[in-house]
2 protein chains.
Amino acid sequence: MKPGVSPDTFPPRSHEAKRTSVVDAAASVFCREGYAGANIDLIAAEAGVSRQTVYNHHGDKEKLFMAVVRDLTERCNAGIFATIATFPDQPADLESDLVAFAVRMNRNCICNRDGRFLRKLIQAEGERYPELFAEWREQGPGRTWSALAARFARLAYAGHLSIDDPDVAARQFLALVNAELQITFMLGGMPTEEEVLRSATNGVRTFLRAFGSRKTTSVRQAALTHA
Amino acid sequence: MKPGVSPDTFPPRSHEAKRTSVVDAAASVFCREGYAGANIDLIAAEAGVSRQTVYNHHGDKEKLFMAVVRDLTERCNAGIFATIATFPDQPADLESDLVAFAVRMNRNCICNRDGRFLRKLIQAEGERYPELFAEWREQGPGRTWSALAARFARLAYAGHLSIDDPDVAARQFLALVNAELQITFMLGGMPTEEEVLRSATNGVRTFLRAFGSRKTTSVRQAALTHA
DNA sequence: ACAAATTTAGACAGGCTTGTCCAATTCGTC
DNA sequence: GACGAATTGGACAAGCCTGTCTAAATTTGT
């Protein structure tokens with residue numbers, strides 16, 4: 001695959017397949033049992049390989065852990081940016097478009113397997129590997145928030161929103177649409193599709209009450225009239 | 001020592017002191033190292049007692065862990081309800097009163113030692129002890145949210161806020177005032193006083209833009225005029 | 001000051017885990 | 001079908017940890 005005279009620069013197919021299989025199993029076990037409680041034999045069994053193969057591929061437990069975190073970070077970031085690319089820049093119905101976006105974000109990035117695993121590893125072992133997780137922090141949330149803030153700024157500039165500080169608004173948007181899922185996240189659970197939708201609906205409604213510009217805020221007008 | 005005619009129903013003074021000392025040290029070590037990585041010798045050393053004393057008091061590692069979680073849950077709940085009792089029911093300046101309340105909540109309940117420890121233990125070991133953490137969930141967040149929702153409902157009834165669903169508003173209030181502290185929480189860190197204040201200020205401003213009734217919303221009027 | 005209870009330090013067995021080594025086997029490629 | 005690389009299973013040493021036991025030292029209440 002890299003460069004080479006003959007087509008053998010990379011090992012046989014199943015070699016790479018086993019590698020990812022091991023990383024996947026390791027992610028699962030590290031999350032369930034914690035770093036100290038994770039058992040290489042169990043990881044090997046769950047990956048369907050022998051223990052020796054784990055050591056052949058990754059050297060030792062710590063290197064394997066690093067590989068897991070790097071892998072999860074990479075995949076999660078890819079998912080997040082792919083989803084941000086679907087942000088409703090020219091909304092037909094701002095409220096329902098933002099709700100749909102929030103649901104996509106949750107389903108594809110936060111609540112899926114990789115997202116839950118990465119979150120738990122960061123929470124549990126973040127303090128033990130400061131530089132590893134500092135890297136994650138820059139590549140992940142730092143860039144995510146900037147990208148999202150830029151999209152909100154654009155919506156505001158187009159007159160769909162009334163925002164003072166787009167960075168603050170972006171963080172508050174995420175906080176609001178996840179407001180009702182916090183406990184589930186804390187316990188490592190997976191919210192149902194219905195819970196995700198309800199939290200997003202309530203969060204977007206409040207977000208638009210706070211930041212909606214007058215011309216598109218049927219919801220807000222109703223709320224004010226009702227008050 | 002156990003039963004007796006004379007006033008000795010409870011053990012000698014330092015006996016109980018050592019007990020709490022052990023629980024405190026155990027909380028710290030369980031959080032740093034995780035359940036599997038926590039070492040009884042280290043806990044004993046950090047508590048300033050011998051290993052045997054740990055076993056005398058708590059039986060085994062699992063019982064010690066349970067005692068730690070129960071202890072933290074109890075203290076955190078006490079702190080949270082004490083703080084909710086300071087909710088500004090008759091606000092002089094609604095915005096600054098809510099900011100001050102949010103800062104108190106964070107400082108006394110969420111960011112302090114007990115709060116951080118409990119959060120981390122729940123995140124790391126919640127799945128391993130379902131009934132223990134189900135108990136926490138009912139006693140803690142469940143009651144907290146209800147109590148807070150009741151306070152917000154009262155503010156709305158008095159005309160200070162315009163709220164449809166007080167339960168949703170209470171959860172969103174907490175989500176907003178903590179919006180900028182999420183990452184710090186994730187990594188187990190302790191936000192500075194300044195960060196707590198800024199997050200609370202921004203969160204309350206957005207909350208009032210969404211839920212403030214017209215008569216007390218100088219901030220909101222300014223924002224709208226500015227738009 | 002005395003007697004009972006508690007604490008301590010250390011040794012200890014049993015179990016589990018990591019990481020290495022090696023011979024036999026399987027797999028992919030030519 | 002044959003060659004070479006990767007994989008396997010199992011044995012293995014070394015280390016660590018839990019939980020128990022003991023005898024000596026200390027603390028507590030009276």
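Every chain is numbered from 1 and lettered A, B, ... according to where its sequence line falls, protein lines coming before strand lines. Just so we're clear, the structure is a prediction, and the values are computed from it rather than from any experiment.
- The side chain of A:K63 contributes no N or O atom lying less than 4.0 Å from OP1 or OP2 of C:dG19.
- A salt bridge does not link A:D167 to A:R151: none of the charged side-chain nitrogens sits closer than 4.0 Å to a carboxylate oxygen.
- Remark: C1' of C:dT20 and CG of A:N56 are 11 Å apart, rounded to the nearest angstrom.
- Residue B:H57 is classed as a sugar-phosphate contact, given heavy-atom separations below 4.0 Å to backbone atoms only.
- Place B:D60 and A:Q52 on DNA chain D by their nearest nucleotides, and A:Q52 ends up nearer the 5' end.
- For B:K61 and B:Y55, the positive end is not near the middle of the six-membered ring at less than 6.0 Å and at most 45° from its axis.
- A:R128 and A:E125 are joined by a salt bridge, as a carboxylate oxygen and a charged side-chain nitrogen come within less than 4.0 angstrom of each other.
- As judged by a 4.0 angstrom heavy-atom cut-off over every strand, B:A38 is placed among residues touching the sugar-phosphate backbone only.
- Rounded to whole angstrom, the span from the NE2 atom of B:H58 across to the C1' atom of D:dT20 amounts to 19 Å.
- Here the nucleotide nearest the side chain of B:K61, chosen from C:dT7, C:dT20, D:dT18, is D:dT18.
- Atom pair A:E16:CD and D:dA5:P shows a separation of 19 Å (rounding to whole Å applied).
- In this structure, A:K18 reaches the D:dT8 phosphate: one of its side-chain N or O atoms is under 4.0 Å from OP1 or OP2.
- If you take CD1 of B:I40 and C1' of C:dG15, they are 16 Å apart, rounded to a whole angstrom.
- Cation-pi geometry between A:K120 and A:F30 is not met: the NZ or CZ atom fails to fall both under 6.0 Å from the ring centre and inside 45° of the normal.
- You'll find the side chain of B:E46 reaches within 4.5 Å of the side chain of B:S28, heavy atoms only.
- Between B:N39 atom CG and D:dT18 atom C1' the separation is 9 Å, expressed in whole Å.
- For B:D41, taking side-chain heavy atoms from C-beta onward, the closest of the listed nucleotides C:dT18, D:dT8, D:dT18 is D:dT18.
- Remark: A:T53 is not in phosphate contact with D:dA6, judged by side-chain N or O atoms under 4.0 Å from OP1 or OP2.
- With rounding to whole Å, A:L42 atom CG is found 14 Å from C:dC16 atom P.
- Closest to the B:R51 side chain, of the nucleotides C:dA11, D:dC12, D:dT7, is C:dA11.
- Each of D:dT8, C:dT17, D:dG19 was ranked by its minimum atom distance to the side chain of B:Y55; first place goes to D:dG19.
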